[in-house]
There are 2 protein chains.
Amino acid sequence: MTEPKIRNMEDFAAVSGLSRPTVSKYFHDPASVRASTRARIEAALEQYDYRPNIFAMNQNRKLTKNVGIVVPYLADPFFAEIVRVIERRCVEAGLSPFLFNSHGERDYEIDILNTLRSMKPAGVLLAPLGRQSDKSAIEAFCKDVRTVLFDSNLDDFGQAFVGSDNRSFVSQTVEYLTRTGEAPCFFEMETPANPNANKRRLAYIEMMERLNVEPKFVRIKGSGWAFEEIGRQGALKALDETAFGAGTVLCSNDRLAIGLLSACFERGVRVGRGTDCDLRVASHDDHPFSRFTCPALTTSAHDYSAVSDEVVATLFKLIDGGGGLERRTEKLFPARLIMRDSA
Amino acid sequence: MTEPKIRNMEDFAAVSGLSRPTVSKYFHDPASVRASTRARIEAALEQYDYRPNIFAMNQNRKLTKNVGIVVPYLADPFFAEIVRVIERRCVEAGLSPFLFNSHGERDYEIDILNTLRSMKPAGVLLAPLGRQSDKSAIEAFCKDVRTVLFDSNLDDFGQAFVGSDNRSFVSQTVEYLTRTGEAPCFFEMETPANPNANKRRLAYIEMMERLNVEPKFVRIKGSGWAFEEIGRQGALKALDETAFGAGTVLCSNDRLAIGLLSACFERGVRVGRGTDCDLRVASHDDHPFSRFTCPALTTSAHDYSAVSDEVVATLFKLIDGGGGLERRTEKLFPARLIMRDSA
DNA sequence: CCTTTAATTTTACGCGCGTAAAATTTTTAT
DNA sequence: ATAAAAATTTTACGCGCGTAAAATTAAAGG
């Protein structure tokens, strides 16, 4: 080809026979230029496949189309899955999602917030670490950048919170287990990283009191994000000490349950609701792998799709609203009980 | 505070008592300014916590410190895990990793490459989709941007490839299974998305021929990235048709194996190497969950750490080398057999 | 202590684009 | 057809920073 090299929007406008600002308008919103102009630009686009410099664009734009998505630990399939859906929604809406992983560490989270601040994003979807978060850093960030919290609520930071209703999760599993057998004991980490874990514990206690049954806990040690291994080790110890006396266990979350099921298999403890079984196990989250445990895990499912939709919808409200919402909103979605073979 | 508001580097340089370009040098490389100058900047930094505009910085920089990391499907824990390690290595080295997920789709991958091109990254670490990739798009991209391919090799694109040695994976599992029992049949998808799957099949055939045993395949239908479910459905069908005759199965990858184990449990097929077992199952990848299947999965492990280190080291060579490497390199890491209870 | 050389800082300019306001063209109403 | 209104395009300027080259300062050598 003997086409002249297109180095910037100026060059591209020249070959399109238009002025640069007109082309600029087109890239900001193709509908904002006349149809005939749009056609000319798109024709030139085919021929030269020019793309605006992303940095120069964002530098001066009042509002970039960037959206930050921050999760505490991306190697957790639960977050990988929810992020997968959210990211797609953003792209469909013409936004540019940027994905950040806090790696379970306070310092990473702080660095990410600083990076995001300098990216001047249209909005940020933040699932905070929880207990480990630097609350004052997050509070300061939320004042500067329009932020929607999801998964874990943190004080009243951000313009909105979208998550699942932990009480709904627990009430359904406890009710089901009790109705079809006996009230469960609660299997959880001693010092959970995530505020949802605390809410689930409280909901468990509340449910048990309503049923007039003494709440019973198996609390295991451990830190970090290797919940399956923590659950497995804790369960091995508990099994050896016959701590699950009752015969029905409700795990705080599916990852612990996966470890527990692995320990049961290793110890020859039969899990399920059959008469020949030793233990019933249920849990919360509907982790992507809970379908494939042995036996398949009975669990309370997040409405991944509804949560993702609401998170992105809230973000749009923030963006369109200009200055943000009038007041902070909290939206919680109920769980759906998924009965499988483990309980 | 009555401090003047710092709006840009000019302001910040003023309160530091320096010129803006000196401050600019500092941010590019703190060691490039005199110690006394550095001290003054850092003192001012404490007081005003200014951060340079990331877009303006990258716009003019010959080489940004951005690194693109692209994986075909982030909700696959295998990729989540390897990305987790790579990302940390990059941060430790002072680079800014940006994570992209191709969502298993050709169009996403193309869009990501376009976005990356406009980000003028110092380098890109690309795990391509494989069969679904738009080869010419990737080829063109690799010519413009210094790229290290990992996980899946694709023709001779990019400046280097880093991955695992599929033959090493398969030879160890086949050898082990054969030595401790009998030669396995091979469980795989009919039309795998990933070139590694093809290499594993060829390695299996080669190993079997060397052992003078007829290769035997169970090939299952399915498309997409829900490998566990595909494996489960395929295994249910195969079990019902007693297609695993031999009693020893080698799965192309752990995710299929997870589905297979789930199917075995459902059908009451006992998996393991004990005399009371019906089937031995082994696989490849050492997926983060393979430790927690029931029974725990015998598998060939990637050397995640070595691969990650090498990927990042290769990237550094590219960056430091300025124009890149003299010639394309390929580095393959051998697998490590992990004996667990499934075989 | 003075000159030469090296290290550092400043001057001066440009990057690629957004955007308000001015100029132009197109559409609508008369 | 023509004036008024609306839509669109162009002019003109600035954003925040990188960087080559010039100017300055510090270090080295005699």
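These values consider heavy atoms only, across backbone and side chains, with no hydrogens, waters or symmetry-generated copies. In what follows, chains are A, B, ... by sequence order, proteins preceding strands, each numbered from 1.
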### Query
Looking at B/Trp225, B/Phe79, B/Tyr108, B/Tyr73, which one forms a ring-ring contact (aromatic ring centres under 6.0 Å, His included) with B/His103?
B/Tyr108

### Message
Under a 3.5 Å cutoff, is there a donor and acceptor pairing between the side chains of A/Thr147 and A/Gln159?
### Response
no

### Message
Within the 3.5 Å criterion, strictly below it, is a donor on A/Ser305 or A/Asp303 matched to an acceptor on the partner's side chain?
### Response
no

#### Entry: End-to-end axis angle, where each axis spans five pairs of the helix from C/dC1-D/dG30 to C/dT30-D/dA1, to 10°
10°

### Task
Carefully, step by step, assess A/Arg328 and A/Glu330 under the rule salt bridge (Lys or Arg N to Asp or Glu O under 4.0 Å).
CA-CA 7 Å; A/Arg328 190 175 193 272; A/Glu330 292 195 9; 2.9 Å; yes

### Message
Taking the basic N atoms (NZ, or NE/NH1/NH2) and the acidic carboxylate oxygens, is any pair closer than 4.0 Å for B/Glu87 and B/Arg89?
### Response
no

### Query
Distance-only, no hydrogens or angles: does the A/Glu109 side chain make a donor-acceptor pair with backbone N or O of A/Leu129 under 3.5 Å?
yes

### Message
Regarding A/Phe12, tell me which of base, sugar-phosphate or nothing describes its non-hydrogen contacts under 4.0 Å with the strands shown.
### Response
nothing

### Query
Between which nucleotides of DNA chain D, read 5' to 3', does contact with chain B run, using atoms under 4.0 Å from its heavy atoms?
D/dG16 to D/dA26

### Summary
Between B/Leu18 and A/Met9, whichever has its closest DNA chain C nucleotide further toward 5' is B/Leu18

### Query
Which residue lies toward the 5' end of DNA chain C, B/Arg38 or A/Asn58, if each is placed at its nearest nucleotide?
B/Arg38

### Query
Hey, do the aromatic rings of A/Tyr26 and A/Phe12 have their centres closer than 6.0 Å?
no

### Task
Please lay out, stage by stage, how A/Ile112 and A/Ser102 fare under the test side chain to side chain contact (heavy atoms under 4.5 Å, CB included).
CA-CA 7 Å; A/Ile112 289 167; A/Ser102 300; 4.0 Å; yes

### Query
Is the closest side-chain heavy-atom distance between A/Pro52 and A/Tyr50 below 4.5 Å?
yes

#### Entry: A/Lys120 and A/Asn58, any side-chain heavy atoms less than 4.5 Å apart
no

### Task
Specify the residues of residues 19-34 of chain A, ordered by number, for which at least one heavy atom lies under 4.0 angstrom from an atom of DNA chain D.
A/Ser19, A/Arg20, A/Pro21, A/Thr22, A/Lys25, A/Val33, A/Arg34

